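Input: a single structure, listed below in structure tokens.
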Amino acid sequence: MDEELNVTYITLSGYVEMEKYRYIYFVIMFTAYILIICFNSTIVFLIVIHQNLHEPMYIFIAALLINSVLFSTAIHPKLLMDFLSDKQIISQPLCYFQYFLFYSLGGSEFLLLSAMAYDRYVSICKPFQYPTIMRKTTISIFLVLAWLVPACQVAGSTAWSASRKHCNFTLKGIFCNNSVQKLHCVSSRALSVFGVIIMLNIVFFPILFILFTYTRILIITYRSSREVSRKAAQTCLPHLLVLISFSLLCIYDISILRLESEFPKTARLIMTLQVVLYHPLFNPIIYGLKMTEISKHLRRLLCHFK
């Protein structure tokens, strides 16, 4: 407790062998953060400047990549500071702000993927109605809801959790995620139920919707020509890969609260770093390589620089 400023600090105990490997960790994380910004920004730049990419599918991809940059920015700067610090601490308000950004932007990821799945469903299953359904107004509503709905729900959970009495000020992690519940003096069943409701709304139901839409797409394309099936696979496969990737990382984050004591400290650090490293780098690579139109513009850009 800082008596002058009356600020409570939380110790982040998830780091291992900091003295020996701190500069290696710092170089790896700094390089990864720069690559995340460059890779995601490049794809967004291509979508913005090329008129033929001003379509709903590419707009949603740009929103997803912007979300990845915001997600990384909520985590990486603090990590880089901790790698060079003798004490890995964070103020309680900043901890809960990081917690809010982590889960709000994580929920936005699933809702944006849901919007992309719906766009593909309308494009493939209702092609003649596509221009009428996927108008600019519809796209704008989807984008606003994708960021607003998780933010509002996670804000309630964050405020509730932060207002509870804390008896423990050591967090078993390298940033503030759902492990903050371990800091409370008494666990709250109501808060846990509210957390489950939020998870259903911004994770489980969007995944069910995505699976439903892609099942419908699969049925339609199976009955269609080979050319239709090929085009559907080209646009849908990257979205499914991103969904599977992010879902697996979220399963780890959810399970770590239950199995925290069973995870070795080093294994927990490695897995947590994958959450903040792997997915934000994976997104632009998948869309840059698998989306034909983006890949064309990317190759031209690289040839221009050469």
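All values derive from a computational prediction rather than experimental measurement.
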- [ ] For C152, enumerate each residue passing the disulfide (SG to SG under 2.5 Å) test, keeping only those at least two apart in sequence or located in another chain.
- [x] none
Task: Gap between atom CD1 of I43 and atom CG of L301 - 0.5 Å precision - done: 9.0 Å
Task: Summary of salt bridge (charged side-chain N to carboxylate O under 4.0 Å, His left out) pairs that have at least one residue in residues 198-217, sequence neighbours excluded - done: none
Task: Reported OG-to-CD distance for the pair S157 and Q181, which is rounded to 0.5 angstrom - done: 7.0 Å
Open item on the list: What I'd like to find out is whether the side chain of M29 reaches to under 4.5 Å of the side chain of F83, using heavy atoms alone.
Closed with: yes
Task: Distance (rounded to the nearest 0.5 Å) between K182 NZ and T170 OG1 - done: 14.0 Å
Open item on the list: Tell me the closest heavy-atom pair linking Q98 and I90, and the distance in Å.
Closed with: OE1-CD1, 4.1 Å
TODO: Taking atom CZ of F97 as the centre, report whether more than 12 heavy atoms of other residues, nucleotides or ligands fall under 6.0 Å from it.
DONE: no
- [ ] Sequence neighbours left out, what passes side-chain contact (heavy atoms from CB on, under 4.5 Å) with S295? Give chain and number order.
- [x] R299
Task: Heavy-atom side-chain contact between Y214 and L218 under 4.5 Å - done: no
TODO: Would you name the heavy atoms of C125 and I220 that are closest together and state the gap between them?
DONE: SG-CG1, 3.6 Å
TODO: Assert yes or no for the condition that the ring centre distance of F142 to Y118 is strictly below 6.0 Å.
DONE: yes
Open item on the list: Do I124 and I133 land in one hydrophobic cluster if side-chain heavy atoms of ILVMFWY residues count as linked below 4.5 Å?
Closed with: yes
Open item on the list: So I174 and L12, do their side chains get closer than 4.5 Å, heavy atoms only?
Closed with: no
Open item on the list: Looking at every heavy atom in both S247 and F110, which two are closest together, and how far apart are they?
Closed with: OG-CE2, 3.7 Å
TODO: Hey, could you give me the CZ/OH distance between R120 and Y130, rounded to the nearest 0.5 Å?
DONE: 5.5 Å
Task: L84 reachable from I24 in the ILVMFWY side-chain graph, under 4.5 Å edges - done: yes
Open item on the list: Counting C-beta onward and ignoring hydrogens, is there a side-chain heavy-atom pair between C176 and L171 closer than 4.5 Å?
Closed with: yes
Open item on the list: Any side-chain to backbone donor/acceptor pair from S114 onto I210? Under 3.5 Å, distance only.
Closed with: no
Task: Minimum-distance pair of heavy atoms, taken over all atoms of P280 and P284 - done: O-CD, 3.1 Å
TODO: Let me see the working for L143 and L112 under side chain to side chain contact (heavy atoms under 4.5 Å, CB included), right down to the final yes or no.
DONE: CA-CA 7 Å; L143 291 176; L112 287 170; 3.9 Å; yes
Open item on the list: In this structure, would F212 and L113 fall into the same cluster of hydrophobic residues linked by side-chain contacts under 4.5 Å?
Closed with: no
Side-chain polar contacts of residues 54-77 - donor-acceptor pairs under 3.5 angstrom, sequence neighbours left out - could you list them?
from	atom 1	to	atom 2	distance (Å)
H54	NE2	I47	O	3.1
H54	NE2	V48	O	2.7
H54	NE2	H50	O	3.4
N67	OD1	W147	NE1	2.8
N67	ND2	L105	O	2.9
N67	ND2	E109	OE1	3.1
S68	OG	L64	O	3.3
S68	OG	N283	ND2	3.0
S72	OG	S68	O	3.0
T73	OG1	Y33	OH	3.0
T73	OG1	V69	O	2.8
H76	NE2	V276	O	3.1

Open item on the list: Is the ring pair H166/Y96 parallel, tilted or perpendicular, if the boundaries are 30 and 60 degrees?
Closed with: perpendicular
TODO: Assess whether side chain to side chain contact (heavy atoms under 4.5 Å, CB included) is satisfied between L53 and E293, documenting all intermediate values.
DONE: CA-CA 8 Å; L53 299 182; E293 291 301 318; 3.7 Å; yes
Task: Heavy-atom side-chain proximity of K126 to Y121 below 4.5 angstrom - done: yes
TODO: Can you see which heavy atom on S104 is nearest to which on A151, and at what distance?
DONE: OG-CA, 3.3 Å
Open item on the list: I'd like to know whether CZ of F169 has more than 12 heavy-atom contacts from other residues, nucleotides or ligands below 6.0 angstrom.
Closed with: yes
TODO: Report yes if some heavy atom in the side chain of H184 is under 4.5 Å from a heavy atom in the side chain of S161; otherwise report no.
DONE: yes
Task: Side-chain touch I49/H297, heavy atoms, less than 4.5 angstrom - done: no
Task: Sub-4.5 Å side-chain heavy-atom contact between C303 and R300 - done: no
Task: Same apolar cluster: F100 and L148, side chain cutoff 4.5 Å - done: no
Task: Backbone N/O of C185 and side chain of R164: donor-acceptor pair under 3.5 Å - done: no
Task: Set of ring pair (Phe, Tyr, Trp, His ring centres under 6.0 Å) partners for F39, sequence neighbours left out - done: none
Open item on the list: How close do I37 and S41 get, counting heavy atoms only, and between which atoms?
Closed with: O-OG, 2.6 Å
Open item on the list: Check whether D119 reaches the backbone of M134 with its side chain - one donor and one acceptor, N or O, closer than 3.5 Å.
Closed with: no
- [ ] Answer with yes or no after comparing the ring centroid distance for Y103 and Y99 against a 6.0 Å cut-off, counting only values under it.
- [x] yes
TODO: Output the distance between atom CG (N40) and atom CG (L281), rounded to the nearest 0.5 Å.
DONE: 7.5 Å
Task: Same apolar cluster (I L V M F W Y, side chains within < 4.5 Å links), Y23/F30 - done: yes
Task: Residues clustered with L111, ILVMFWY side-chain links under 4.5 angstrom - done: I141, L145, V149
Open item on the list: Rounded at 0.5 Å granularity, tell me how far CD1 in I36 sits from OG1 in T31.
Closed with: 11.0 Å
